[in-house]
Amino acid sequence: MKNSSNIIIASLVALFVLSAAFLAYTETKQSNPDYSRNLWMTYFNDPKSQDLSFTIENHSASSSFRWEVFADKVSVAKGDANVKLDEKKSISLSINDTAGKKILIKITAENSSKEIYKNL
């Protein structure tokens with residue numbers, strides 16, 4: 001009886017160790033932005049200030065990005081950016097008369113688009 005319980009405990013410990021190793025491997029692989037090569041991000045350089053400058057960080061095959069800035073749903077600026085694979089590009093904006101308005105920046109690349117918001 002004691003021998004069979006030792007076998008069960010050893011089997012459970014081995015299963016736990018193998019499961020933990022597999023999960024650690026897959027998590028490490030998925031947390032790498034270069035693994036899938038289909039990821040790009042955008043964010044404000046300083047989200048708490050009045051500054052509207054933002055960054056596009058590219059880990060995808062796309063390199064051509066189009067952006068447009070809206071202040072209370074009215075387009076106030078637009079442009080294009082070329083961001084190569086594994087690079088970041090900061091886009092500085094100087095737009096007047098945005099105080100008290102809701103700002104939306106829409107960035108588009110081939111098949112996907114992302115939006116970032118800021119209330120000024």
Side-chain angles (χ1 to χ4, degrees):
M1 187 74 172
K2 189 173 184 179
N3 192 21
S4 64
S5 64
N6 286 344
I7 292 172
I8 292 173
I9 292 172
S11 298
L12 289 175
V13 168
L15 181 64
F16 174 76
V17 169
L18 288 173
S19 298
F22 174 74
L23 289 174
Y25 169 74
T26 56
E27 180 63 27
T28 302
K29 192 167 67 169
Q30 290 178 358
S31 66
N32 182 356
D34 297 328
Y35 172 68
S36 67
R37 291 283 183 203
N38 194 20
L39 171 70
W40 61 275
M41 299 164 267
T42 186
Y43 46 87
F44 286 109
N45 294 348
D46 186 4
K48 294 185 179 185
S49 75
Q50 300 292 319
D51 184 26
L52 295 177
S53 300
F54 64 97
T55 297
I56 300 172
E57 185 174 336
N58 188 19
H59 296 280
S60 71
S62 302
S63 61
S64 179
F65 295 86
R66 177 174 294 272
W67 55 268
E68 188 168 5
V69 180
F70 297 90
D72 287 340
K73 299 182 181 181
V74 176
S75 179
V76 293
K78 61 174 89 174
D80 295 317
N82 189 18
V83 185
K84 295 178 182 175
L85 180 66
D86 294 333
E87 287 187 359
K88 297 178 186 180
K89 182 168 189 175
S90 181
I91 301 182
S92 299
L93 298 175
S94 178
I95 300 172
N96 297 329
D97 195 31
T98 57
K101 295 184 178 178
K102 182 179 179 180
I103 304 298
L104 160 70
I105 301 178
K106 183 175 183 177
I107 302 99
T108 307
E110 289 182 13
N111 302 347
S112 64
S113 68
K114 299 185 187 311
E115 298 176 348
I116 53 178
Y117 303 88
K118 188 180 259 193
N119 290 317
L120 299 179

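In this structure, the side chain of Asp72 engages the main chain of Lys102 through a donor-acceptor pair within 3.5 Å. Between the side chain of Asn58 and the main chain of Val83, a donor-acceptor pair closer than 3.5 Å is present. The closest donor-acceptor contact from the side chain of Lys118 to the backbone of Ser49 lies under 3.5 Å. When atom types are taken as modelled, the side chain of Thr42 and the backbone of Thr55 share a donor-acceptor pair closer than 3.5 angstrom.
Hydrophobic clustering, with ILVMFWY side chains joined whenever heavy atoms are under 4.5 angstrom apart, groups Phe65 together with Leu93. If you chain together hydrophobic residues whose side chains sit under 4.5 Å apart, Trp67 and Val76 fall into the same group. Linking ILVMFWY residues whenever their side-chain heavy atoms come closer than 4.5 Å, directly or via other members, places Ile95 and Ile103 in the same cluster. The cluster map of Ile, Leu, Val, Met, Phe, Trp and Tyr, joined by side-chain heavy atoms under 4.5 Å apart, puts Tyr43 and Trp40 in different clusters.
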Audit row: Met41, Lys114, side-chain contact (heavy atoms from CB on, under 4.5 Å) steps and yes/no: CA-CA 8 Å; Met41 299 164 267; Lys114 299 185 187 311; 5.6 Å; no

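Note that CG of Leu39 is 11.0 Å distant from OG of Ser62, once rounded to the nearest 0.5 Å. For the atom pair CG of Leu85 and OG of Ser60, the computed distance is 7.5 Å after rounding to the nearest 0.5 Å. Taking CD1 of Ile107 as the start and CZ of Arg66 as the end, the distance is 13.0 Å to the nearest 0.5 Å. Atoms CD and NZ, from Glu57 and Lys88 in turn, are 4.5 Å apart once rounded to the nearest 0.5 Å. Put simply, CD on Gln50 and CG on Asn119 are 10.0 Å apart, with the number rounded to the nearest 0.5 Å.
Looking at Lys89 and Lys84, their side chains never come closer than 4.5 Å, going by heavy atoms from C-beta outward.
Considering every non-hydrogen atom in both Ile56 and Ala81, the closest pair reads CD1-CB, 4.4 Å. Summarising the geometry of Thr108 relative to Ser113, their closest heavy-atom pair is OG1-CB, 3.8 Å, with the distance given to 0.1 Å. Of all heavy-atom pairs between Ser64 and Asn82, the closest is N-OD1, 4.3 Å.
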